[in-house]
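Step one of this worksheet: look at the structure below.
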Amino acid sequence: MLIGPSGCGKTTTLQMINRLVEPTDGQILVNGRPNTEMDVVQLRREMGYVFQEIGLFPHMTVAQNISVVPDLQGWSAQQKQQRAEELLELVRMDSDIYIDRFPRELSGGQQQRIGVLRALAADPDILLMDEPFGALDPITRSQLQQELLELQQEVQKTIVFVTHDMDEATKLADRIVMMKNGHIVQIDPPRDMLRNPEDRFVAEFIGPRRMLQDPLDVTVRELASNGAVRASSDLRLSEAMKKMRQEESDYLVLLDGKNRFAGLVSADDVSRAANDADKKTSVTELADRQTVSCDESVFQAVHKLARSSSAGLGVVDEQNRLVGVFTKTGFVDILVEEMWPREAIDLPEED
Amino acid sequence: MDLLLSFIEAASARQEQLIAAFQAHLLLVVVPVSAATVVSIPLGIWATRNEVVEAFAIGVANVLQTIPSLALLAIMIPLGVGIGRRPAYLALFLYAILPILRNTYTGIKEVDEPLKQAAQGVGMTDLQVLRKVELPLAVPVIMAGIRTSTVIIIGTAVLAAYIGGGGFGEFIVTGLSTIRDDLILVGAVPSALLALLGDQLLGFVEYLVTPKGLKI
Ligand SMILES: Nc1ncnc2c1ncn2[C@@H]1O[C@H](COP(=O)(O)OP(=O)(O)O)[C@@H](O)[C@H]1O
Ligand SMILES: [Mg+2]
């Protein structure tokens, strides 16, 4: 996720990846190979590009626009038609109504959707998206963002996404690249960037402390710690103790065979149980299994955590897969950072 | 009223001559304009791709256009092309080039830059960008150039009679030298009608070739 003020070089960066602009210096590796060594036309066809200006071809129908790359790759008419219908369904546009329309007959939001579908049509592994939801009203934008998140759950691609909207970045990004005047200022996951902006520029770009101002607007996903020590749920107590000591962690996140959240155990509980005479043999029996959906607000998560006796909550997605954990101690750390940020108070830097 | 009557009389007395003049005039338009189209479209496309061609082609065409049409026709004689139909075709062909060339060139140049970039960006080769995006979008503009050219040549072809090219101009030339207003009208009225008709017809063609997505 590239973010930064207008004119800082976000579009240029995408254009260099796609070789619409050639870099004067340095190289760009695509799947480990410098992109300048690849056939430029092939490179572009294997890479979906959603342009900032959308750039739908006005003389082509929705179906023809979506099928541009499949057409260049020589798909049959039937394959193209089928793919176009399938994709329209993906963004909840009725293909009977829209497939033969022209771009001018569509609303701005619909045009942007088609721009995204055109990029997806030939199922590229890499997607370049340049402010794809830029010129939309907030409701449509948030709807399309949600669709993109769902889409990404299904299709799993490498997406290089450009935005100038911090909320969009924190909602969608795995990692945010903050840019200024053609340079990278900071690269971090959203949560780390929000908590530890590299300098004043980043801090000001992020804007006023969002969490304290809008606790309903910030999702737990952004604050969930994903650095927690993970372990298999069939671990024995002694093994669990050893692992926590080794990793210097006071809790463990348990996962079942399919990478789904199976509970959270604290070091206290484990050591108490280990000293107990009638020994329980597995950590699962000690585990707290309370979870919170990653799209819930911090506000809701904090309330749930306050009412719970456990040390933390598992933050999970719809399939109960682990996104991170939200613990009481972790939340206190975050609060302290938010209220008395280090750079503002000017404490000597602790390492 | 007298003039109208004598015009009708003069015209009906020359039905066969009129039909021959019509055919000749039509050829004086269709041959040069077709030839100019065949030459100008590729040249116009080339000019959008190559700066040397751009400067040269547009420059030369501009110069040709500024030469008064009668002078361009007349100059065919000392240039040794002679008199009659052939020099008339040649002069009118040169005269027909500019509107088509210029419209082809600007029609393609004026396709939105973001659209061209999108076409390149999705992986079209230069030829594919031209064929699938630039030309379809430029077609109405190119057609408008052909229309302008045709209307100009229908008018200019009247002057071809001065170098023996035939057409409706013959009546006018004769009428002028013998000071007969009715004869002048026999040449002027049909050539004016032809220009109006040609303009309407090609306007309709222009509408037909405009991509559907642009008409909405
Ligand atoms: N690293 C760079 N070096 C020199 N010029 C740059 C660099 N990055 C961007 N530019 C120039 O800055 C201008 C704006 O860049 P652009 O990528 O469109 O900004 P953004 O998309 O972030 O608003 C462009 O004219 C581009 O050529
Ligand atoms: Mg930009």
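This one's a predicted model, so the numbers in the text were calculated from it and none came from an experiment. Atom set for the values below is all heavy atoms of this structure, side chains included, hydrogens, waters and symmetry mates excluded. Residue numbers begin at 1 in each chain, while the letters A, B, ... track the order of the sequences.
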Exercise for the section: Kindly say whether the aromatic ring centers of A:Y49 and A:F51 come within a distance under 6.0 Å. Expected result: yes
Problem - Check: A:P103 main-chain N/O paired with A:Q111 side-chain donor or acceptor under 3.5 Å - result: yes
Handout entry: Interchain contact, A:R118 with chain B, by part (heavy-atom threshold 4.5 Å)
Key = side chain
Handout entry: More than 12 heavy atoms from other groups under 6.0 Å of CZ on A:R175
Key = no
Practice task
Would you confirm whether A:Q186, through its side chain, and A:M178, through its main-chain N or O, come within 3.5 Å as a donor-acceptor pair?
Solution key: no
Exercise for the section: Could you name each residue pair satisfying ring-ring contact (aromatic ring centres under 6.0 Å, His included) that touches residues 136-172 of chain B, not counting sequence neighbours? Expected result: B:H25-B:F168
Fill in the blank from the handout: Okay, A:F57 and chain B: the region with an atom under 4.5 Å from a heavy atom over there is both
Practice task
Sort by residue number and list every member of residues 34-46 of chain A having a non-hydrogen atom under 4.5 Å from chain B.
Solution key: A:V41, A:R44, A:R45
Problem - B:T125 and B:Q128: side chain donor to acceptor below 3.5 Å - result: yes
Handout entry: Residues, nucleotides or ligands: over 12 heavy atoms within 6.0 Å of B:L70 CG
Key = yes
Exercise for the section: Would you kindly check if the NZ (Lys) or CZ (Arg) of B:K212 is within the cone defined by 45 degrees around the ring axis of A:F102 and under 6.0 Å from the six-membered ring centre? Expected result: no
Handout entry: Under 3.5 Å donor-acceptor, A:T170 side chain and A:D167 backbone
Key = yes
Practice task
Mark yes when over 12 heavy atoms from residues, nucleotides or ligands other than B:F22 sit less than 6.0 Å from its CZ; otherwise mark no.
Solution key: no
Exercise for the section: Would you tell me whether A:Q110 and A:Y98 have side-chain atoms, one donor and one acceptor, within less than 3.5 Å of each other? Expected result: yes
Exercise for the section: Write out, in numerical order, the residues from residues 9-29 of chain A with a heavy atom short of 4.5 Å from a heavy atom in chain B. Expected result: A:Q15, A:N18, A:L20
Exercise for the section: Compare all side-chain heavy atoms of A:M179 with those of A:C8 and state whether any distance is below 4.5 angstrom. Expected result: yes
Exercise for the section: Residue by residue, scan residues 131-139 of chain B and write down, ordered by number, those that have a heavy-atom distance under 4.5 Å to chain A; if none do, write 'none'. Expected result: B:K132, B:V133, B:P136, B:L137
Exercise for the section: Mark yes or no for whether A:N65, through its side chain, and A:M60, through its backbone, hold a donor-acceptor pair below 3.5 Å. Expected result: yes
Exercise for the section: Taking A:Q146 for its side chain and A:Q143 for its backbone only, find out whether a donor-acceptor pair lies under 3.5 Å. Expected result: no
